[in-house]
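First the structure, in the form of structure tokens, and then the observations on it.
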Amino acid sequence: MSLSTPQRRRRLAAALLLLGAAIPLTACGQQRVAAGAPSTSAGASPSTRPTPSGPGASPYVEPGAHDGAPHYNENNAGRQPREMSPTSEKDAQREAHRIEPVLKRLWKQGTWDPKSVRSALLALGYEEQRTGSKGEQLGGTLDVRGMEPRFKGDHYVTAEGARIGLRVHNDACVTAFVQKTNYQVQVNGPYLESGCFEPPFAH
């Protein structure tokens with residue numbers, strides 16, 4: 001049965017109306033995908049995540065940087081240990097193997113105050129680090145300190161324990177700690193401003 005001209009016009013108008021409503025919805029959906037890209041779930045692999053293409057997205061991702069943030073490594077240079085030469089790293093590992101049994105013994109005894117830890121490590125033949133009034137190095141390689149205060153809740157808390165920094169070479173350190181819950185010994189290059197100890201995070 002053929003449709004009359006008025007019926008065809010009504011159907012054509014209805015089809016155009018539906019098509020006109022569908023186009024903006026489709027475009028809006030595409031904008032949401034681009035805007036929602038940063039909140040993509042962490043489980044998606046980087047190659048399958050949509051990438052924002054708007055003017056706010058940075059085209060530069062710094063290699064090895066936390067979250068790929070531009071200038072992260074530059075801004076956090078003081079928190080990055082310097083590289084060790086293979087020979088220096090080997091020497092530092094040797095000293096770490098000497099220190100580890102002492103800290104293990106102290107930990108089992110429940111002894112982790114800086115004075116006792118310092119005394120036990122000096123017995124291995126290390127010399128305590130000395131500095132002048134302006135911070136210049138006067139000799140010695142061993143530095144034993146209390147634990148770094150940490151912000152907890154709404155105030156700073158300092159746990160019982162001792163931190164150890166042993167300068168093996170200009171480019172190599174042994175850093176360690178012993179406290180009630182555990183102990184740890186590792187090797188790393190020195191930090192730009194804080195020597196063997198990792199600088200604290202600012203709160």
Spacing of Asp143 atom CG and Glu128 atom CD [to the nearest 0.5 Å]:
7.5 Å
Got a second to check how far Leu142's CG is from Glu95's CD, nearest 0.5 Å?
11.0 Å
Interatomic distance, OG1@Thr141 vs NE2@His169, rounded to 0.5 Å, equals 11.0 Å
Between Val144 and Pro114 the two heavy atoms that sit nearest each other are CG1-O, 3.6 Å
Identify, with sequence neighbours excluded, every residue that meets salt bridge (charged side-chain N to carboxylate O under 4.0 Å, His left out) alongside Glu160.
none
d(Asn188 CG, Glu83 CD) to nearest 0.5 Å is 12.5 Å
Does NZ or CZ of Arg98 come closer than 6.0 Å to the centre of the six-membered ring of Tyr126, within 45° of the ring's axis?
yes
Quick one: pull up NZ in Lys115 and CZ in Arg118 and give me the separation to the nearest 0.5 Å.
9.0 Å
With no hydrogens and no angle check, do the side chains of Asp91 and Ser88 hold a donor and an acceptor under 3.5 Å apart?
no
Honestly curious: do Leu122 and Leu166 fall in one hydrophobic cluster under the side-chain, below-4.5 Å linking rule?
yes
With sequence neighbours excluded, tell me which residues meet side-chain hydrogen bond (donor to acceptor under 3.5 Å, both in side chains) with Asp154.
none
Determine whether Phe177 and Leu124 fall in the same hydrophobic cluster, where Ile, Leu, Val, Met, Phe, Trp and Tyr are linked whenever their side-chain heavy atoms lie under 4.5 Å apart.
no
Trp107: which residues meet the ring pair (Phe, Tyr, Trp, His ring centres under 6.0 Å) condition with it, sequence neighbours left out?
Tyr183
Excluding sequence neighbours, so at least two apart, what forms side-chain hydrogen bond (donor to acceptor under 3.5 Å, both in side chains) with Gln93?
none
Would a hydrophobic clustering, with Ile, Leu, Val, Met, Phe, Trp and Tyr connected at side-chain separations under 4.5 Å, put Leu121 with Val168?
yes
Filter on disulfide bond (SG atoms under 2.5 Å apart), then keep only pairs touching residues 113-180, sequence neighbours left out; what's left?
Cys173-Cys196
According to the salt bridge (charged side-chain N to carboxylate O under 4.0 Å, His left out) rule, which pairs have a member within residues 162-190, sequence neighbours left out?
Glu148-Arg163
Distance from Ile99 atom CD1 to Thr175 atom OG1, nearest 0.5 Å?
9.5 Å
